[in-house]
Amino acid sequence: MQRTLVKAAHNSSNPMDQILLQGWVRTKRDAKKFSFIELNDGSSLKGLQIIVDASLADYAQVARAQTGASVEVNGKLVASQGGGQKWEVVATSFQVVGEAESDYPLQKKGHSLEFLREIAHLRPRSNLFGAVFRVRSRLAYAIHQFFQERKFCYVHTPLITASDCEGAGEMFRVSTLDPKKPPLNPSGEVDYAQDFFEKSTYLTVSGQLEGEIFASALSNIYTFGPTFRAENSNTSRHAAEFWMIEPEVAFCNLQGNMDLAEEFVKYLVRDVKEHCADDLEFFGKFVDKELLTNLDLVLEKPFVRCSYTEAISIIEQSGKKWEKPVKWGDNLQSEHERYLTEEHFKCPVTIHDYPRSLKPFYMRVNEGESPDRETVAAMDLLVPGIGEIIGGSQREERLEVLRENMANHDLNEKDYWWYVDLRRYGSVPHSGFGLGFERMLMFVTGVANIRDVIPFARTPGNAEF
RNA sequence: UGCUCGGUAGCUCAGUGGCAGAGCAGGUGACUGUUAAUCACUUGGUCGUAGGUUCGACCCCUACCCGAGCAGCCA
């Protein structure tokens, strides 16, 4: 007898004489002559109601089938006599596979997200987290589908890297040296020449530089993998380990880059809406009442595009009182980004052409601007509720300008010799961006904390599971 | 890392300078085609930790630990 998933049972168009279900008990309601058991196997938000009649030989098993227990049920799929569901299962046999002890922490009532984080080994069995991780899986699939449909090549960039990718914050060191007595060089510092890779190595903060190499050969590529930042960030939208999607496109300028980003985000929203409708409806009910309306809005309207310079004057003319006032040349603060996307435009906004001094060495310097207001072809996509979800740019393809940038940023050309080489051999204009996978997932689910869209979140002081 | 708020039963929370509380979960029983079922009874506590003030501290003070929100950094 083959197992039927709860989702398939719900979708059945006919009653079934025989059905085998396996899963976990969500709740049990005992009557005198029978018991109702709600069984969930993670295949869908909705559980399936099982009726176990007291006359059944296995009825004694029901007493052991407490919330959280795993069970195996054979029975008939029949039209439900009660309201609330189309189908239910009348058991012909009922076995408890694994009992749940009475201190099973997941109850029928609501739990705080903070508490559920502490029981990350059990929270996937809750409605909310089951839904989150089903959507996470679909979103990952949709990402590959989007790029594969467009003939982008999936590139696996290294997780261990020697390049201290500029501007991306603190890195986790990768070393096999004995931390108690590491070898020292003559000047008394740790001698990483004796380390595993014979140089300092770190977990990657971005696959972009390697992505550019492959775009300079295969034209359209994307990466999709884990990324690590050792920043001591304690916010609802930062994690030490997260997944990032980084497309890189040869013969593409900033306009094309912004077009791709917008098409991409809309594609993902549309795909999840289509394939995770039940889960999204749940988020709309219990997480964010506006979610479905907001997602529709994303699909309907073109994203606003606004230059950094325009953004600054909008903020200046807003008449609002800012904690930190901005002038041209300053970084936009969270409060400003929130104002732009949530209040002023009320939709996703792409801010482009930022001051050169604010951005990393690899971004392309715009031509024909006054020397005190130089900009680079950078873009950030901001969405309501989360802020920056995409950061990208056209890359500097001109050898001399790149060298000048590196000098301005105190970078040693020798450390990036292969990156510079790309500008010496068949250099092309090219562009790319990074999309934070978890931030996108927060956006489509309405879940407000990044720790709640990662199965086992790594944040400062937290790596329990 | 800075600022702010919080930590009381398995969970969600109330509480007052003077006997430690409720709902849910667990247990027992009743009842009912139930839907977070219902009703009665019932088990369950180092009040984050360590000091201090006080006749007396869950409550007031100090330090520390942990969590959350916001900010910075970014995706």
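Note on naming: letters A, B, ... go to the chains in the order of the sequence lines (proteins, then strands), and numbering restarts at 1 for each one. Everything numeric here is computed off the predicted structure, so don't read it as measured data.
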is_close_aromatic(Y419(A), Y362(A)), centroid dist under 6.0 Å:
no
Please work out if T235(A) contacts a base, only the sugar-phosphate, or nothing of the nucleic acid, heavy-atom cut-off 4.0 Å.
base
Closest-nucleotide mapping onto RNA chain B: is F115(A) or A240(A) further toward the 5' terminus? I mean the 5' end.
F115(A)
How would you label the glycosidic angle of rC61(B): syn (within 90° of 0) or anti?
anti
Looking only at atom C1', what distance separates rG67(B) and rA22(B), rounded to whole Å?
24 Å
For the ring pair F228(A) and Y202(A), is the centre-to-centre distance below 6.0 Å?
no
Given the rule that a pair is Watson-Crick or G-U wobble with both distances under 3.5 Å, how would you write RNA chain B in dot-bracket, using | for pairs to a different strand?
(((((((..((((....[..)))).(((((.......))))).....(((((..]....))))))))))))....
Do R439(A) and rC74(B) have a side chain to base donor-acceptor pair shorter than 3.5 Å?
yes
Using heavy atoms to find the nearest nucleotide of RNA chain B for K32(A) and E438(A) separately, return the residue whose nucleotide is more 5′.
K32(A)
Counting the atoms with a prime plus P, OP1 and OP2 as sugar-phosphate, which does I450(A) contact under 4.0 Å by heavy atoms, base, sugar-phosphate, or nothing?
base
Proximal nucleotide (of rA68(B), rA71(B), rU12(B)) relative to the S334(A) side chain:
rA71(B)
Report yes or no: is the ring centroid of Y104(A) under 5.5 Å from the six-membered base ring centroid of rG10(B), with the two planes under 30 degrees?
no
Would you please indicate if the ring centroids of Y154(A) and Y222(A) are separated by under 6.0 Å?
yes
Presence of R338(A) side-chain N/O under 4.0 Å of rA71(B) phosphate oxygens OP1/OP2
yes
